[in-house]
Amino acid sequence: MDLGLQGKWALVCGASKGLGLGCAQALAAEGVNVVMVARGGDVLVTVANQMRANLSNAKSAGGTNSFEKVVLTVAADITTPEGRAAAFRLAGGPGTAFDIVVTNAGGPPPGDFRDWARDAWLKAIDANMLTPIELIKATVDGMAARGFGRIVNITSSAVKAPIDILGLSNGARSGLTGFVAGVARNPALAARGVTLNNLLPGKFDTDRIKTTIAGAAQKQGKTVDEVRAAQIAQIPAQRFGTPHEFGQICAFLCSVQAGYITGQNILADGGAYPGSY
Ligand code: NAP
């Protein structure tokens, strides 16, 4: 299926690894010009070079998407005003005139709410609620003026099924979810081709989950393999998701075909969430 995205511009945050990288790769494969942001410049440049090489190979092989694409990188902390300004001021980029914005940053640490002082909350709210809102604020009116726009916020299945030790994530992401639900339904955006949706990962095979599993193994006195197997056993699909398939879902949400999907929380969790709604 041609997703109708050739030549569009996407800002993909948290794009050097994991789910963000999966989204950047899927969008670039659809002919989207991609600006990738992450703090660690070396990893970012390496993966961007790999993407350029893959796109160029696909072009030489005469693939259907044999048009020019741009892959640009910004080594910055997207949760800071300076980091966001760097993405919007990037030479060769579109300024704030992005057609697609995928918001994403690392998740807050797990813990006990009794140990979290105000600073821990502010950091989580800044990264997982206020940063996406700032990115939305900077881009959606331009999208509406041009008649096309897609915001995809990477949140978490914890929004639908909160997990005790992830209180910072549950709280901050729920704030974003409420905000998006309202803004997405504003006809000034919805009637002008702009959709805002949240994509909720369950368990996906990324560095983040490896770290979480290593922490759990140490705490429970088990091996990493045992913890991993126990987690997989609780997922009806009997496996973790892959960044590649997450990216494909993101690309579809950004597609022309998905123009009637807005204000939704789309769960990708292999069936782990047990409810009907
Ligand atoms: P990951 O593999 O650790 O990758 C995170 C990416 O974000 C990296 O590219 C990282 O690069 C970048 N990043 C982190 N903080 C950033 C910042 N302040 N500014 C710019 N870039 C930043 O994580 P992931 O598994 O893809 O998770 C992505 C999001 O989904 C997280 O919010 C996570 O909590 C959520 N999530 C993941 C899962 C899962 O199973 N994987 C489940 C539920 C929710 P740098 O460190 O170099 O900046």
Side-chain angles (χ1 to χ4, degrees), residues 11-26 34-48 50-51 73-87 101-111 123-132 134-135 152-163 165-174 176-177 198-216 227-228 231-232 234-235 237 239-247 249-250 265-270 272-273:
L11 174 64
V12 184
C13 308
S16 67
K17 286 194 280 182
L19 305 180
L21 177 58
C23 295
Q25 288 170 327
V34 182
V35 175
M36 302 165 69
V37 185
R39 293 165 303 179
D42 291 349
V43 179
L44 188 61
V45 166
T46 303
V47 296
Q50 278 163 2
M51 274 173 63
T73 58
V74 182
D77 182 342
I78 199 68
T79 67
T80 64
E82 300 76 24
R84 292 188 287 276
V101 176
V102 180
T103 77
N104 177 34
K123 209 170 165 205
I125 290 167
D126 237 347
N128 298 110
M129 179 182 171
L130 298 182
T131 293
E134 288 294 340
L135 293 167
V152 178
N153 302 300
I154 300 181
T155 64
S156 173
S157 60
V159 171
K160 276 179 86 84
I163 301 162
I165 56 164
L166 294 180
L168 291 170
S169 171
N170 303 336
R173 295 191 205 272
S174 293
L176 175 65
T177 303
N198 304 316
L199 191 42
L200 284 55
K203 285 193 164 28
F204 279 79
D205 225 343
T206 67
D207 281 5
R208 180 171 165 86
I209 209 162
K210 287 188 186 94
T211 311
T212 322
I213 288 176
V227 174
R228 188 182 165 90
Q231 290 193 2
I232 286 175
Q234 288 176 357
I235 302 169
R239 64 177 179 87
F240 290 154
T242 69
H244 174 78
E245 63 191 338
F246 190 88
I249 301 168
C250 174
N265 291 289
I266 291 143
L267 191 57
D269 70 347
Y273 175 72

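Numbers here are sequence positions counted from 1. What's counted below: heavy atoms across the whole structure, side chains too, no hydrogens, waters or symmetry copies. Ligands are counted one by one from 1 in listed order, and the atoms in each one are counted from 1 as well.
Comparing D77, L199, N128 by heavy-atom distance to atom 17 (C) of ligand 1, the nearest is D77. Looking at L19, I78, D269, it is I78 that brings a heavy atom closest to atom 19 (N) of ligand 1. Here atom 25 (O) of ligand 1 lies nearest to T206 when heavy atoms of D126, I163, V159, T206 are compared. Among C13, G83, A76, A268, the residue whose heavy atom lies closest to atom 20 (C) of ligand 1 is A76. Remark: among candidates I154, D42, V47, V43, the nearest residue to atom 30 (O) of ligand 1 is I154, based on non-hydrogen atoms.
With sequence neighbours excluded, no residue forms a salt bridge (charged side-chain N to carboxylate O under 4.0 Å, His left out) with R39. Residues passing the salt bridge (charged side-chain N to carboxylate O under 4.0 Å, His left out) test with R208: none are found, sequence neighbours excluded.
N198 places no side-chain N or O within 3.5 Å of a backbone atom of T177 that could act as its donor or acceptor partner. Under a 3.5 Å cut-off, the side chain of S156 and the backbone N or O of L200 do not form any donor-acceptor pair. Judged purely by atom type and a 3.5 angstrom limit, D205 has no side-chain atom pairing as donor or acceptor with the backbone of T242. No donor-acceptor distance shorter than 3.5 angstrom exists from the side chain of T73 to the backbone of M36, with no hydrogens or angles considered.
Atoms of ligand 1 found under 4.0 Å from any heavy atom of G14, numbered from 1 in the order shown, are 6 (C), 7 (O), 9 (O), 12 (C), 21 (N). Close contacts of ligand 1 with G107, meaning ligand atoms under 4.0 Å from a residue heavy atom, involve 31 (C), 32 (O), 34 (O). Remark: ligand 1 atoms within the under-4.0 Å shell around heavy atoms of K203 are 40 (O).
Assignment of S157 to the shell around ligand 1 is not supported, since no heavy atom sits closer than 4.0 Å. Under a 4.0 Å heavy-atom criterion, L200 is not in contact with ligand 1. In this structure, G202 counts as a contact residue of ligand 1, since one of its heavy atoms falls inside 4.0 Å of the ligand.
The closest protein non-hydrogen atom to atom 36 (N) of ligand 1 is P201 CG, 3.7 Å. The protein non-hydrogen atom at the shortest distance from atom 21 (N) of ligand 1 is A38 CA, 3.5 Å. The nearest protein atom to atom 11 (O) of ligand 1, hydrogens excluded, is given as S16 OG, 3.3 Å; this is a heavy-atom distance. For atom 23 (O) of ligand 1, the nearest non-hydrogen atom of the protein is R208 CB, 3.6 Å. Protein heavy atom in closest approach to atom 29 (C) of ligand 1: N104 OD1, 3.2 Å. Counting only heavy atoms of the protein, atom 46 (O) of ligand 1 lies nearest to R39 NH2, 2.8 Å.
Remark: ligand 1 and A105 share an N or O pair separated by less than 3.5 Å (distance only, no angle test). Checked against a 3.5 angstrom limit, the closest N/O atoms of G20 and ligand 1 fall outside it. Taking distance alone, with nitrogen or oxygen atoms compared against 3.5 Å, R173 approaches ligand 1 more closely than that limit. Close N/O approach between G40 and ligand 1 is found [any backbone or side-chain N/O within under 3.5 Å]. In terms of polar-atom proximity, defined here as any N/O pair under 3.5 Å, F204 does make such a contact with ligand 1. For a threshold of 3.5 Å applied to N or O pairs, the pair formed by S156 and ligand 1 contains no separation below that value.
Across T206 and P243, no two heavy atoms sit closer than the pair CG2-CG, 4.0 Å. Considering every non-hydrogen atom in both G202 and S157, the closest pair reads CA-OG, 3.6 Å. In terms of heavy-atom proximity, P201 sits nearest to F246 at CB-CE1, 3.7 Å.
Atom CD1 of I232 sits about 7.0 Å away from atom CD1 of I213, to the nearest 0.5 Å. The structure places CZ of F204 at 6.5 Å from CG of L19, a figure rounded to the nearest 0.5 Å.
Checking R239, R228, Q234, Q231 one by one against K203, the side-chain contact (heavy atoms from CB on, under 4.5 Å) holds for a single residue, Q231.
The nearest protein heavy atom to atom 5 (C) of ligand 1 is not closer than 4.0 Å.
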